[in-house]
Novice: 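Here it is, the structure in full.
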Amino acid sequence: MKFISTRGKDIAKNSAEAITKGLASDGGLFVPETFPCVYDKIEKLLDMDYAERASVVIGSFLEEYDSERLLSACQKAYSRFEENDPAPVVRIDEDLYVLELFHGPTLAFKDVALTLLPFLLREGASICGIEEQILILVATSGDTGKAALSGFQDAEGIKIMVFFPSEGVSDMQKLQMCTQEGENVNVVAVKGNFDDCQTAVKKIFSDKEYEKILKDKNIVFSSANSINFGRLVPQITYYFSAYCDMVNAGEIELGDKINFAVPTGNFGNILAGYYAKQMGLPINKLVCASNSNNVLTEFFANGTYDAKREFYKTTSPSMDILVSSNLERLIFELNGRDALITAKQMQELKEKGVYQIKEEQLEVLDREFFADFADEEEVMQTIADFFEEYGYVLDTHTAVGINVEEKFKGFYEDAGKTIVLSTASPYKFPQSVLKALTGKGVGDAFEASKKLENLTGMPMPEGLKTLQNKKRRFDKEIDRNKTKEAVDEFIG
Ligand SMILES: *Cc1c(COP(=O)(O)O)cnc(C)c1O
């Protein structure tokens, strides 16, 4: 299958090329030429385990990959999750379910894709005959960084460099990244917010001259951000898998429509749900849940994407984003796959910080999505209420999803069943969660975690406990216009 750029000036001849390149050379994002109808195979998927389902969903796009090798890579990747299940569905009440995506090595949903991406990338490089060393540059709002570092640690022929906003991640997230082991890794804090990091990294990607210089050093770039289709495609699986589990558990009948509510930042996770729908999955609405950085809520309400606004640092830092990269893929579909219009809109976003869609396009969006946001007070209240009512501990991001799901139900009373995607363990943000539950602040992350354990009975994950005694390896902080120099220093 070919992959085309949303901006029309680049084509990848197959998925392997799209994945190894990461970003298209015209600055656009690669999208599949068509969406295979995986729902045709739903009867078969019902009887499969998660890794098998993943190999079917992913394999439907990655035709050039050997299917047996893909299956065994999925099995290996997903054996790193608790009980070999990256996506258990937990029933809260008859209409509400939580899809727990945080049982992987770094305790956020990014693990579902990033435990598998090293295989997709290496295999892709071999299919494309790439012999150079691959340098992966990552901009992270907190969770991608650690999940990518963990996935790529000591991967042969690959180096990875992570940029995170110095003040924009939680203590636990920072500690997770800065203690990362491995010979091939590097982590740098950038002064500024996530958007600054993402812009700086994208700029390096589209720097043709720099690309040539690196090529002479036998190095090519790739990306582990959700701009890379290889990051996105494993995320489609859990929408299908959750649906199958609901059918198998007798919660729904095959063919019934359900809703998914997704705490959203860069629009990668929810876009995977939109893709699942294009592949036949019976989804009613996709609920786009934002925090106080509610640029997407406004976009879905009035059709204007306006990134020129105040940036808020919230308790859900992985969603503190004003320029949601993956929205470009949705806009491309909305434009009837017209790359010229899409490229123009993205140019406007870059130059003026704002672009618009048409009234009739807004109506199309309204049929597919519901969008709203939760402010900081609502997030705190939701965590407290949810624990009191169900004894279930939400992290700050998932709380945004739950809060907006409640607004969704208030708006569409007969909306039916909704699955809320739970994107992180509460122990990645223990101070905020503890404060929500007790009203009292505790400064130290480990002290807060201990208190949270005592209060809730939910055990702190081992992967975070051991951080306390790990050596900090990285503590460099740079200006955002010095990212290229930092890359130079890393590769030598
Ligand atoms: C990355 C992240 C999100 C946002 O996901 P996008 O794909 O960027 O929309 C939400 N919650 C957590 C915990 C995350 O790490």
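Position 1 is the first residue of the sequence; numbering continues from there. Please read all numbers here as calculations on a predicted model, not as lab measurements. In listed order, ligands and their atoms are each counted from 1.
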Novice: Quick check on contacts: which atoms of ligand 1 are under 4.0 angstrom from a heavy atom of Pro263?
Specialist: 4 (C), 10 (C)

Novice: Mind checking whether Phe387 and Tyr392 have ring centres under 6.0 Å apart?
Specialist: no

Novice: What is the distance from atom CZ of Arg329 to atom CD1 of Ile227, rounded to the nearest 0.5 Å?
Specialist: 8.0 Å

Novice: Quick one: which ligand 1 atoms are inside 4.0 Å of a heavy atom on Thr264?
Specialist: 9 (O)

Novice: Please write down residue, atom name and distance for the protein heavy atom closest to atom 12 (C) of ligand 1.
Specialist: Thr423 OG1, 3.4 Å

Novice: Would Phe229 and Phe30 count as a close aromatic pair, with their ring centres under 6.0 Å?
Specialist: no

Novice: To check your reading of the model: name the closest protein heavy atom to atom 7 (O) of ligand 1, its residue, and the distance in Å.
Specialist: Asn269 N, 2.9 Å

Novice: Which of the numbered atoms in ligand 1 are under 4.0 angstrom from any heavy atom belonging to Gly268?
Specialist: 6 (P), 7 (O), 9 (O)

Novice: Does Gly265 reach ligand 1 with a nitrogen or oxygen that is under 3.5 Å from one of the ligand's nitrogen or oxygen atoms?
Specialist: yes

Novice: Going by the closest heavy atom to atom 13 (C) of ligand 1, which one wins out of Asn225, Asp143, Ile321?
Specialist: Asp143

Novice: For a quick test of reading the model, state the closest non-hydrogen atom pair linking Gly230 to Leu120 and the distance between them.
Specialist: O-CD1, 3.6 Å

Novice: Assess whether ring pair (Phe, Tyr, Trp, His ring centres under 6.0 Å) is satisfied between Phe109 and Phe102, documenting all intermediate values.
Specialist: CA-CA 5 Å; Phe109 87 92; Phe102 58 81; over 10 Å; no

Novice: Please list, in number order, the atoms of ligand 1 under 4.0 Å from a heavy atom of Ala424.
Specialist: 13 (C)

Novice: Does only the side chain of Lys110 get under 4.0 Å from ligand 1, or the backbone, or both, or neither? Count heavy atoms.
Specialist: side chain

Novice: If you draw a 6.0 Å radius around CZ in Phe411, do more than 12 non-hydrogen atoms from other residues or ligands fall strictly inside?
Specialist: no

Novice: Can you tell me how far CE of Met161 sits from OG1 of Thr483, rounded to the nearest 0.5 angstrom?
Specialist: 8.5 Å

Novice: Is it the case that over 12 heavy atoms from other parts of the model lie below 6.0 angstrom from the CD atom of Glu477?
Specialist: yes

Novice: For Asn335 and Gln361: C-alpha separation, side-chain torsions, deciding distance, then whether side chain to side chain donor-acceptor pair (under 3.5 Å) applies.
Specialist: CA-CA 8 Å; Asn335 286 333; Gln361 293 180 310; 2.9 Å; yes

Novice: Which ligand 1 atoms are under 4.0 Å away from a heavy-atom of Phe267?
Specialist: 6 (P), 8 (O), 9 (O)

Novice: Does any N or O of ligand 1 fall below 3.5 Å from an N or O anywhere on Asn266, backbone included?
Specialist: yes

Novice: Are any of the N/O atoms on Ser141, whether in the backbone or the side chain, positioned under 3.5 angstrom from an N/O atom of ligand 1?
Specialist: no

Novice: Examine ligand 1 and decide if any of its atoms is less than 4.0 Å from a heavy atom belonging to Ser226.
Specialist: no

Novice: Would you call Phe109 a ligand 1 contact, heavy-atom distance under 4.0 Å?
Specialist: yes

